[in-house]
Amino acid sequence: MGRWVRWVTLLLCLAALSVGALPAADEEGNQDESLESKTLSAEDQVKDHSTGTRVVAGQIFLESGKSDSQSENEESFHSQEEEKENSLEELNSLEMSNLLNKDLEEAEVQSPVLTAIGGTADGEPCHFPFLFMEKEYAECTADGREDGRLWCATTYDYKKDQKWGFCESEEQSNKRRQMQEAEDVYQIGMKILNESSKKAQKKVAYQYLLKAADMNHTKAMEKVSYALLFGDYLKQNIQSSKELFEKLTEEGSPKGQMALGFLYASGLGVNSSQAKALVYYTFGALGGNLIAHMILGYRYWAGIGVLQSCESALTHYRLVANHVASDISLTGGTVVQRIRLADEVENPGMASGMLEEDLIQYYQFLAEKGDVQAQVGLGQLHLHGGRGVEQNHQRAFEYFNQAANAGNSHAMAFLGKMYSEGSDVVPQSNETALQYFKKAADMGNPVGQSGLGMAYLYGRGVPVNYELALKYFQKAAEQGWVDGQLQLGSMYYNGIGVKKDYKQALKYFNLASQGGHILAFYNLAQMHATGTGVMRSCHTAVELFKNVCERGRWSERLMTAYNSYKDGDSNSAVVQYLLLAEQGYEVAQSNAAFILDQKEASIVGENETYPRALLHWNRAASQGYTVARIKLGDYHFYGFGTDVDYETAFIHYRLASEQQHSAQAMFNLGYMHEKGLGIKQDIHLAKRFYDMAAEASPDAQVPVFLALCKLGVIYSLQYIREINIREVFSHIDMDQLLGPEWDLYLMTIIALLLGTIIAYRQRQHQAIPRAAGLRPAVPQQEPPPEHQPPQ
């Protein structure tokens, strides 16, 4: 254990040094498009960025730690430096060319000399270029050989001198050919995977990837290991995936390191160890894995396995947010569908946000019949994806085209967006985009106005004109269009076309964030992180950056996990939710806890389900989910996964009552006050909480009424128990109350009652014989539905 602590300490120090050197500004490295992970190259992590601010697609990129006052002081400095930079520009370009030539010369001198192996010139240096079959070769070649081994000539003219040798040993040659074969198989698999949407074809693709992985192809091993972990198109096998992750980790794969950290964190296939998880997460982050950075950001933010540190969380989250923000296009990112399994079960009629297949077909029928609103709606669904509809630019373009031909301005504006952005379906064309934007803007459409503003801001198809850009953004913002608000905020922030005004920038970014624009959250996060235009707030900045990070492409796995659960594959669903839970997704934490709570995941031992569910309910509750907070109270009340602790249960119920005004929590508090569980018994407080529950939710009125009736009976019995009846009667003077002859009155009343009863019974006996022969047959009535006997 001590050794692991030392390792963790060493790794955290290295991480602090490395992450501290990471840039806070924009990162533009190559991104891995896979859902499992994104990885930064080492060059991207350490490269310097220019100071100051700039706007790219509505994004603000700031140098870390630069405040408002610093920016103003630097303006004068930069203006003084401009003249120096201009005067030195020509000299610098000359020096750079000289340095470049010098570097090339040194590179030529330092380039390794290949030595021929075997052949007719063993040990002699290869000669480049050399002439073979009337063709010059500047590198080793396999031409002229059937075995594919690389060779070179040691003199210029091979035909004349016949001097040659191999460039590699036989072992190296076999290994190279094997890796080339593996690469070819991998490319075939990836081509099928990317070009097909059918499940059967994807399964075929993974068979190719499986074959390439068996040949030690690193990328294929990464794909296959995640497929085995999640059960994506391959049978789920956590033990096999673990072995592949260990192999990848030995090779230094950041994806493998991150995944192995996840296995140790969640205890899947291995004994749970938060220390080992932290080590592997740190290695993955140092290797540039974005998901590892996101996990570490959440751990530092929530204090899971590490000391809570807002600044460390900010560093990790900002790095990931830079990449997510740079990946956002004009058409926006995909829609993140957050569906809670607990809400679906407890409120079956509650809309989950998913569109039923019948409803989609109905809209398609309306669109085919020429319903313009249906065409625009389906176009937007297919453009962004979500609500059970897959992203499909081809169908989006067709629907928008139909609606635009019918004169719909919204469809024209979205066609302009598609042409401006460009895709495999729609070729990029600023001219065509401009035509559609102008048509839509002339009809007063805010999307078209915003698009036209973007054209004038960046000079797409028209000369740059900041005044016109500002004018169109203002028109779009006045109509509440988020893109217009975002771009207007960017112009005020950077002082483009207007005087720099951080308050106005903050106002428009806030408006755009209310509409859910990712880049608005990103810009607000940057302003709060650097204290630009607002008081610096690390906590606010982290929450905003976390929101941006959760909109990354890996969020698509939320829907994949949901579909797996709906298909009855709870094991696959719970593993996917657990990984997303590690990344800090509250909905994934609650869904993972729900599946464990229902004991639907067989990969988790029965004795471990409740403790693990308790852990994730706790994490979800700390992020403000009411149901999770109530579940924590239930677990401590009944002793699920922990000891029975009424006091802790009471605390959780009280938090849910005070912070989220939960009727269920109020009812539970009433019950605990009634019974005196975890708190002193108090019937008056119990009634108060019952009344509050009834006011908070109409659904609670019936159970509250029954509870109050029961409480009334208990209160009456308690009152009667507390008073002494004999003592009460001893204090009553009947002579004074009813008079001196009260006993005669009482006897008379009793005699009258007795006579009435006797007369009534005699009349009943006389009526029965007379009516016996005249009684009609009465059909047997069916009991009420709720009391009907089973058929």
Side-chain angles (χ1 to χ4, degrees), residues 346 348-349 634 637-638 646 650 653 657 662-791:
E346 297 200 9
D634 293 345
F637 187 91
Y638 295 109
Y646 293 131
F650 183 85
Y653 291 143
S657 169
S662 166
Q664 178 68 56
M666 293 171 185
F667 187 91
N668 293 350
L669 286 171
Y671 180 82
M672 295 185 79
H673 275 293
E674 177 190 327
K675 296 292 184 182
L677 301 172
I679 195 73
K680 185 180 178 182
Q681 187 177 26
D682 191 328
I683 292 176
H684 300 287
L685 275 176
K687 182 180 182 305
R688 180 186 170 193
F689 278 110
Y690 284 143
D691 290 337
M692 288 169 62
E695 291 174 8
S697 172
D699 296 337
Q701 290 178 356
V702 173
V704 164
F705 172 75
L706 296 173
L708 287 174
C709 290
K710 175 189 170 188
L711 197 64
V713 172
I714 292 172
Y715 179 76
S716 302
L717 291 173
Q718 186 177 349
Y719 178 76
I720 292 170
R721 194 183 299 116
E722 287 176 356
I723 64 173
N724 193 330
I725 303 226
R726 186 175 295 176
E727 186 179 344
V728 170
F729 278 105
S730 67
H731 285 82
I732 297 175
D733 188 352
M734 300 300 288
D735 291 337
Q736 186 177 357
L737 187 65
L738 300 175
E741 298 179 355
W742 62 271
D743 52 341
L744 294 176
Y745 300 147
L746 183 62
M747 289 172 66
T748 304
I749 292 169
I750 292 171
L752 287 171
L753 286 172
L754 188 60
T756 304
I757 292 169
I758 292 168
Y760 177 74
R761 288 180 65 84
Q762 284 179 348
R763 175 181 272 180
Q764 256 191 341
H765 283 296
Q766 290 172 0
I768 289 170
R770 288 200 300 270
L774 303 173
R775 185 175 182 183
V778 179
Q780 185 178 1
Q781 294 183 354
E782 291 186 1
E786 60 268 28
H787 301 295
Q788 283 188 17
Q791 298 298 320

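Positions are given from 1 along the sequence.
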Gap separating the CZ atom of F637 from the CE atom of M672, nearest 0.5 angstrom: 5.5 Å
Side-chain donor-acceptor contact under 3.5 Å, E674 with Y690: yes
Listed once per pair and sorted, the side chain to side chain donor-acceptor pair (under 3.5 Å) pairs that draw on residues 676-689, sequence neighbours left out: K687-D691
Plane angle bin for H673 and F689 - parallel if under 30°, tilted between 30 and 60°, otherwise perpendicular: parallel
A693 versus A663, closest heavy-atom pair with distance: CB-O, 3.5 Å
Pair Y671-L677, side chain to side chain contact (heavy atoms under 4.5 Å, CB included): steps then yes or no: CA-CA 8 Å; Y671 180 82; L677 301 172; 4.1 Å; yes
Worked verdict on L669 versus L685 for side chain to side chain contact (heavy atoms under 4.5 Å, CB included): CA-CA 9 Å; L669 286 171; L685 275 176; over 6 Å; no
From S662 atom OG to N668 atom CG, the distance as rounded to the nearest 0.5 Å: 8.0 Å
With K675 via side chain to side chain donor-acceptor pair (under 3.5 Å) - residues at least two apart: none
Nearest atoms (heavy-atom pairs only) where M666 meets S657: CG-OG, 3.4 Å
Nearest-0.5 Å distance, CG of residue L754 to CD1 of residue I749: 13.5 Å
Any residue meeting ring pair (Phe, Tyr, Trp, His ring centres under 6.0 Å) with F705, in chain and number order, not counting sequence neighbours: none
Gap between atom CZ of F667 and atom OG of S697 - 0.5 Å precision: 12.0 Å
